[in-house]
Amino acid sequence: MQQRYVEFIHDVLITLHANIREIKERRNFATPEELTYIEAKLLAYNEMLSILQSSADEFGIDRKEIGL
């Protein structure tokens, strides 16, 4: 069962990192109207990563072990 949770976390992190990369690429070609939306979305993804990092620290989980 433990391995399923690790795989789940890895899947979530891979998706977050992929979305961050995609948003950063879109930012380079965004119109001024899109830029605000893109920056807000990028901020939200980075905030989610920060939350996961803080939680890992609180639970004594090695960040590198789970891909943070």
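- Linking ILVMFWY residues whenever their side-chain heavy atoms come closer than 4.5 Å, directly or via other members, places Leu13 and Phe59 in the same cluster.
- Side chains of Ile9 and Tyr5 form no contact here, defined as non-hydrogen atoms less than 4.5 Å apart.
- Contact of the Leu16 side chain with the Leu52 side chain is registered, since non-hydrogen atoms from C-beta on lie closer than 4.5 Å.
- Applying the salt bridge (Lys or Arg N to Asp or Glu O under 4.0 Å) rule to Glu22 yields no partners; only residues at least two apart in sequence or on another chain are considered.
- When the side chain to side chain contact (heavy atoms under 4.5 Å, CB included) test is applied to Asn28, no partner is found at least two apart in sequence or on another chain.
- Side-chain contact between Ile20 and Leu49: present, with at least one pair of heavy atoms (C-beta onward) separated by less than 4.5 Å.
- Between the side chain of Asp11 and the main chain of Glu7, no donor-acceptor pair closer than 3.5 Å is present.
- Applying the side-chain hydrogen bond (donor to acceptor under 3.5 Å, both in side chains) test to residues at least two apart or on different chains, the pairs with a partner in residues 57-68 are Asp57-Arg63.
- Remark: Arg27 pairs with Glu39 by the salt bridge (Lys or Arg N to Asp or Glu O under 4.0 Å) rule, at least two apart or across chains.
- Hydrophobic clustering places Leu42 together with Val12 (ILVMFWY residues linked when any side-chain heavy atoms are closer than 4.5 Å, directly or through intermediates).
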For a quick test of your reading: what N or O donor-acceptor pairs under 3.5 Å do the side chains of residues 29-37 make, sequence neighbours left out?
from: Thr31; atom 1: OG1; to: Glu33; atom 2: OE1; distance (Å): 3.2
from: Thr31; atom 1: OG1; to: Glu34; atom 2: N; distance (Å): 3.3
from: Thr31; atom 1: OG1; to: Glu34; atom 2: OE1; distance (Å): 3.3
from: Glu34; atom 1: OE1; to: Thr31; atom 2: N; distance (Å): 3.0
from: Tyr37; atom 1: OH; to: Lys41; atom 2: NZ; distance (Å): 3.3

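- Through side-chain heavy atoms spaced under 4.5 Å, either directly or across other Ile, Leu, Val, Met, Phe, Trp or Tyr residues, Leu43 is tied to no other residue.
- Residues that satisfy the side chain to side chain donor-acceptor pair (under 3.5 Å) test with Asn19, not counting sequence neighbours, are Tyr45.
- Neither Ile51 nor Ile61 shares a network with the other; the hydrophobic side chains, linked directly or stepwise wherever heavy atoms of I, L, V, M, F, W or Y lie under 4.5 Å apart, form separate groups for each.
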